[in-house]
Amino acid sequence: MPIYQRGATWYIDVTTSSGARIRRSAGTSDKEAAQQLHDKLKHDSWRTERLGEKPSKTWDEAALRWCQEMSHKRSFVNDAQHIRFFTGHFRGRLLATLTRDAIHGVVNAKLGHLKPASINRYTATMRAILRKAEREWDWLEHAPALRMRREPKRRIRWLTPEEAQRLLSELPEHQREPVTFALATGLRQSNVVKLEWSQVDMQRKVAWIHADQAKAGNAIGVPLNESAVGVLRRQIGKHPTRVFTCKGRPLKSVNETSWASALKRAGIKDFRWHDLRHTWASWMVQAGVPLSAVQELGAWETASMVRRYAHLAPEHLAPHAAAIDDRLNVTSTAQLRLVSSGL
């Protein structure tokens, strides 16, 4: 049977000319619409198999398949937001008609007020879908080459030890303790706030972040220094499950009014909670910790993400910089000889 109904939804059953069978939901309760979709699938499959043509797929079909295949992504919520935006402009459009000019035209007209980084997130999602349509799904001959906007490089914001002490002295206890722990371990905000006692081994002085809690999706082992252990000891007995609390209840957020007020009283501007992680990494590098160790401790996936801190400790390059001294000394000696000889 070409189409059949289950409940209110119609389903399609197509056998192609090569004998392959396609069974799928039509996604509609309208029999006529389901029949039209059936006829289109059969027609497209015939042209694909007999004439070697790419299937005529629409943006809607590509967006749906992307959502089905990529729902496991940690950034799926953001991807879905980007897809909804493009669907509002490209609903029903054939993928082959989505040229670079068409896509950039919509992006420039509707997203031009956003920062380059935000615009690039939308463009990256569209680019990823079109590349899959070309390279994996075989739905496109060529995916358009989409341009990304240049993002200004932000300076790394970190605190000096003196600034950190000023900030800690202004914070209430329920904020001061997790901030101290973040400065001691370099963990991200969510990993600190949601830390549970089951993730801590006080005797071995280690903690761990489970893979589903880590940004990169990999489990993280965290060696605990004395500062971190001291924070944990002060939290013992406050809650049976969670480490950090406020008035006996698990801490839910750190971006409170008290955080902003403490920053203001401490005279610290342009500083976010995430910058505590930058501060930890900066202090580590300045203390002479190798970048490879900082990368492993901070659970960064690539070395390039850690090299942004390298300029804070250029001492390791001193022997290489000194290589020029001999040549300058030779030049200086030759000049002195010329002067002393009266030339």
Side-chain angles (χ1 to χ4, degrees), residues 152-171 175-193 195 199-209 213-216 218-234 243 254 262-263 266-329:
K153 293 184 178 180
R154 292 186 56 189
R155 67 184 180 88
I156 296 173
R157 183 70 172 95
W158 56 278
L159 298 179
T160 64
E162 293 74 23
E163 288 174 322
Q165 286 302 319
R166 289 208 312 269
L167 174 59
L168 290 172
S169 66
E170 295 293 346
L171 287 168
Q175 284 266 14
R176 183 168 59 250
E177 296 287 45
V179 166
T180 303
F181 193 76
L183 288 170
T185 62
L187 286 174
R188 293 181 172 85
Q189 180 184 135
S190 61
N191 297 143
V192 173
V193 173
L195 186 67
Q199 297 172 251
V200 176
D201 187 331
M202 293 290 282
Q203 284 198 324
R204 293 172 53 210
K205 294 185 179 180
V206 294
W208 50 89
I209 304 301
Q213 300 172 315
K215 183 178 180 180
N218 300 316
I220 305 171
V222 186
L224 300 174
N225 50 36
E226 289 303 319
S227 299
V229 170
V231 171
L232 294 176
R233 284 176 180 153
R234 292 191 291 273
V243 173
V254 290
L263 285 171
I268 297 172
K269 299 179 180 180
D270 185 29
F271 192 81
R272 307 164 302 161
W273 217 93
H274 185 73
D275 292 327
L276 296 171
R277 180 169 165 82
H278 293 316
T279 299
W280 168 84
S282 301
W283 289 357
M284 294 285 279
V285 172
Q286 290 170 340
V289 178
L291 293 181
S292 58
V294 176
Q295 179 183 346
E296 187 171 355
L297 287 167
W300 279 286
E301 286 193 279
T302 63
S304 62
M305 301 178 76
V306 186
R307 280 199 292 271
R308 55 186 170 171
Y309 303 103
H311 70 284
L312 298 173
E315 293 87 354
H316 68 288
L317 298 175
H320 304 291
I324 204 73
D325 288 339
D326 291 340
R327 287 160 177 75
L328 286 173
N329 287 336

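Basis for what follows: all heavy atoms, side chains included, without hydrogens, waters or symmetry-related copies. What you are looking at is a predicted structure, and each value in this text was computed from that prediction instead of being measured.
Not counting sequence neighbours, the partners of Ala184 by the side-chain contact (heavy atoms from CB on, under 4.5 Å) test are Asn225, Ser227, Ala228. With sequence neighbours left out, Trp300 forms a ring pair (Phe, Tyr, Trp, His ring centres under 6.0 Å) with Tyr309. Every residue meeting the side chain to side chain donor-acceptor pair (under 3.5 Å) condition with Thr302, not counting sequence neighbours, appears here in chain and number order: Ser304. For Arg234, the salt bridge (charged side-chain N to carboxylate O under 4.0 Å, His left out) test picks out Glu177, with sequence neighbours left out.
Separation of atoms CG (Leu167) and CG (Leu183) is listed at 8.0 Å; rounding is to 0.5 Å. In this structure, the separation between CZ on Phe181 and CG on Leu195 is 5.5 Å, given to the nearest 0.5 Å. Atom-to-atom distance recorded for Gln175:CD and Leu168:CG is 11.0 Å, nearest 0.5 angstrom. Here Leu232 contributes atom CG and Leu224 contributes atom CG; the two are 6.0 Å apart, rounded to the nearest 0.5 Å.
The two residues Leu263 and Phe271 come nearest to each other via the heavy atoms CD1-O, 3.5 Å. Between Leu291 and Val306, the shortest heavy-atom distance links the atoms O-CG1, 3.7 Å. For the residue pair Ala164 and Leu159, the shortest heavy atom distance occurs at CA-CD1, 4.0 Å. Across Asp275 and Arg157, no two heavy atoms sit closer than the pair CB-O, 3.6 Å. In terms of heavy atoms, Ser282 sits closest to Trp158 at OG-CG, 3.5 Å. Taking each heavy atom of Trp273 and Ala182 in turn, the nearest pair found is CH2-CB, 3.7 Å.
For the pair Arg272 and Gln189, the minimum side-chain heavy-atom distance is 4.5 Å or more. You'll find the side chain of Arg277 reaches within 4.5 Å of the side chain of Arg188, heavy atoms only.
Every pair passing salt bridge (charged side-chain N to carboxylate O under 4.0 Å, His left out) that includes a residue from residues 158-170 is listed here, sequence neighbours excluded: Glu170-Arg265.
Judged by distance alone, with hydrogens and angles left aside, the side-chain atoms of Arg308 form a donor-acceptor pair with the main-chain N or O of Met305 at under 3.5 Å.
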Compile the donor-acceptor pairs under 3.5 Å between side chains in residues 199-208 and protein atoms, sequence neighbours left out, one pair per line.
{"unit_1": "Gln199", "atom_1": "OE1", "unit_2": "Glu196", "atom_2": "N", "d": "3.1"}
{"unit_1": "Gln199", "atom_1": "NE2", "unit_2": "Trp208", "atom_2": "O", "d": "2.9"}
{"unit_1": "Gln199", "atom_1": "NE2", "unit_2": "Gln213", "atom_2": "OE1", "d": "3.0"}
{"unit_1": "Asp201", "atom_1": "OD1", "unit_2": "Gln203", "atom_2": "N", "d": "3.1"}
{"unit_1": "Asp201", "atom_1": "OD1", "unit_2": "Arg204", "atom_2": "N", "d": "3.1"}
{"unit_1": "Lys205", "atom_1": "NZ", "unit_2": "Glu226", "atom_2": "OE2", "d": "2.5"}

